[in-house]
Structures are given as C-alpha cells and as structure tokens.
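Here is the structure we will look at.
For this chain, numbers begin at 1 and follow the sequence in order.
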Amino acid sequence: MTTKRVLTVLAAAAALTVPAATTSTAAPAQAAACNGYVGLTFDDGPSGSTTRLLDALRQNGLRATMFNQGQNAAANPSLVRAQVTAGMWVANHSYTHPHLTRLSQAQIDSEISRTQQAVANAGGGTPKLFRPPYGETNATVKSVAARYGLTEIIWNVDSQDWNGASTDAIVQSVARLTNGQIILMHDWPANTLAAIPRIAQTLASRGLCAGTISPQTGRAVAP
C-alpha cells in the first residue's frame, strides 16, 4: 500500500472514531440505572423565576411536575409552553390559590375548570393532576376535581421553601424521599433555585431518579 493510501485510510478511521468519542462524553450523567423514582413538584408558577428554574432543572437532568395557578398560566402562556418544551409536566393548582374548603361547590368548580382551560389554552395540554392550595381538601373538593378527570396530589415531604427554608434544608428534605414519594417545592424561592444542582446530586447518590406522577396511583413512577 502506498504512503498516500495509508494516510487516506488513517484519516478515514480518525473521522469515524472522533464522533463516537464525542457522543460518549456527552452522554447524560443519569445513564446509571434508577433504583426508584421520586416526584419533584413546583407550585405557584409560572412566574418571573420560571425560566431560571427550567434552565437549572434541564442542566441537571431533572424533570418535574409544575402545579400552575390558572391566573398565572393565562398571563404567561409562553412560560407554560417553555415548561412543556423543557420536559416538565403541567398540572392544576387552582386559578387564584384560595382556601378551597371555605368555598361553595360552584366556586370550587370555577377555580378548577378555569385552570384546566387556561393551561390548555397556553399549550400545556389538559392537566390530569390537581393540587389544592395549602393541601386543604375535603369531599367536595375531591368530587369536583374528579369530575374533571383530575387526581388529587398532596405530598409526602414538605421542603418548607415557602417558609424561608435554607438551601441546605431544602436539599436535606429531598434526602428524606423514598421510592414513589413526592416533595413540595415552589416556583419562586431563590433558595430552591440554588438547591437544584445539589438535589440532582443527592438523588443520584441514592440511585433515585426524577419521575412523573401516576394519575392512577398518585405516586412517582418512571417517565
């Protein structure tokens, strides 16, 4: 084989191997098997913090369920679409965040139905999950939610981010999650945003992955 031919063969081989190496190094850190799934949930969006939150979640390989207020979805449809584009699941958190157990059945119906419509109009699809504000519920709230095909989702662990919890405390609350469980967080606290990289590390160290919430069981499962 001539020298020129040898160089041509070597160049061709190099061209084939470089992309493979690039693909390998770009593989996500989550390639390891998941021993269980947990539900990361963020209430009260979309807001002025949503874009930064979505960027942090995406950069750290996390997916979450966004329990949106209907009034915020109606005011910020582009952010609802951004949630979907980032791989998040969009759910119903009432329209104006009232204490639903203090309202009439007609008022509860309005809160839930308007949010279903606002999320759908914004491009978030038709929610299948519903979280009552403050976790306050009763038979009437549950029956109205069920009428719209919604499964009520509360939480197993409260991060207390709404109550000024530190970034360390938020990360420690995530460390208490076990397979299938759900944690309450919020769209707006700065400490929650700061905690995202460490949340990802904490879950990975325990073999847990961020999953979706099953409308059938109300538990976190594989996406």
Side-chain angles (χ1 to χ4, degrees), residues 26-69 72-73 76 79-94 97 124 129-135 153-214 218-223:
Q30 280 75 11
C34 300
N35 297 325
Y37 294 88
V38 298
L40 305 180
T41 68
F42 295 88
D43 288 10
D44 296 351
S47 72
S49 305
T50 300
T51 299
R52 293 190 299 276
L53 175 61
L54 294 176
D55 287 344
L57 290 168
R58 192 161 39 190
Q59 289 164 9
N60 288 279
L62 297 175
R63 300 177 74 185
T65 301
M66 319 303 281
F67 283 95
N68 287 342
Q69 289 185 38
N72 293 345
N76 302 283
L79 292 178
V80 176
R81 290 192 293 274
Q83 291 172 335
V84 175
T85 300
M88 309 303 151
W89 300 282
V90 181
N92 185 322
H93 191 44
S94 82
H97 207 275
L129 307 176
F130 167 69
R131 172 171 288 161
Y134 314 104
I153 303 296
I154 309 296
W155 55 81
N156 302 104
V157 176
D158 181 352
S159 71
Q160 291 283 313
D161 63 347
W162 55 273
N163 198 28
S166 67
T167 297
D168 285 346
I170 294 167
V171 173
Q172 288 164 11
S173 68
V174 171
R176 300 204 305 270
L177 289 169
T178 58
N179 180 43
Q181 289 192 330
I182 295 164
I183 185 168
L184 169 68
M185 294 180 284
H186 291 77
D187 173 276
W188 47 268
N191 288 343
T192 302
L193 178 63
I196 298 300
R198 290 172 57 195
I199 287 174
Q201 293 164 3
T202 298
L203 293 178
S205 72
R206 301 179 59 218
L208 294 172
C209 295
T212 189
I213 299 173
S214 166
R219 290 174 58 80
V221 296

Closest non-hydrogen atom pair between Ser159 and Ile183, with its separation: CB-CD1, 4.1 Å
Carboxylate-amine/guanidinium proximity below 4.0 Å for Arg58 and Asp55: yes
Nearest heavy atoms of Ser94 and Phe130, plus distance in Å: N-CE1, 4.0 Å
Gap separating the CG atom of Asn92 from the CD atom of Gln69, nearest 0.5 angstrom: 10.5 Å
Arg131 (side chain) donor-acceptor with Ile154 (main chain) under 3.5 angstrom: yes
Leu54 side chain reached by Gln83 side chain, heavy atoms, under 4.5 Å: yes
For residues 184-192, tabulate all N or O donor-acceptor pairs below 3.5 Å that involve a side-chain atom, not counting sequence neighbours.
unit_1, atom_1, unit_2, atom_2, d
His186, ND1, Asp161, OD1, 2.8
Asp187, OD1, Ser47, OG, 2.3
Asp187, OD1, Thr50, OG1, 3.4
Asp187, OD2, Thr50, OG1, 2.8
Trp188, NE1, Asp44, OD2, 3.3
Asn191, ND2, Ala165, O, 3.0
Thr192, OG1, Asp161, OD2, 2.8

Sidechain-backbone polar pair: Asn35 side chain, Leu208 backbone, donor-acceptor under 3.5 Å: no
Side-chain donor-acceptor pair present, Thr167, Arg198, cut-off under 3.5 Å: no
Donor-acceptor under 3.5 Å (Arg176 side chain, Asn156 main chain): no
Any Asn60 side-chain heavy atom under 4.5 Å of Ile199 side chain: no
Residues forming a side chain to side chain contact (heavy atoms under 4.5 Å, CB included) with Ala175, sequence neighbours excluded: Thr202
Close side-chain approach of Asn68 to Pro46, heavy-atom, < 4.5 Å: yes
Note, Thr41 side chain near Leu129 side chain (heavy atom, < 4.5 Å): no
Side chains of Phe42 and Leu57 in contact at under 4.5 Å (non-hydrogen atoms): yes
Pairwise distance CG(Asn163) to CG(Asp158) - rounded to 0.5 angstrom: 8.5 Å
Rounded distance [0.5 Å steps], CH2 in Trp155 versus CD1 in Ile213: 12.0 Å
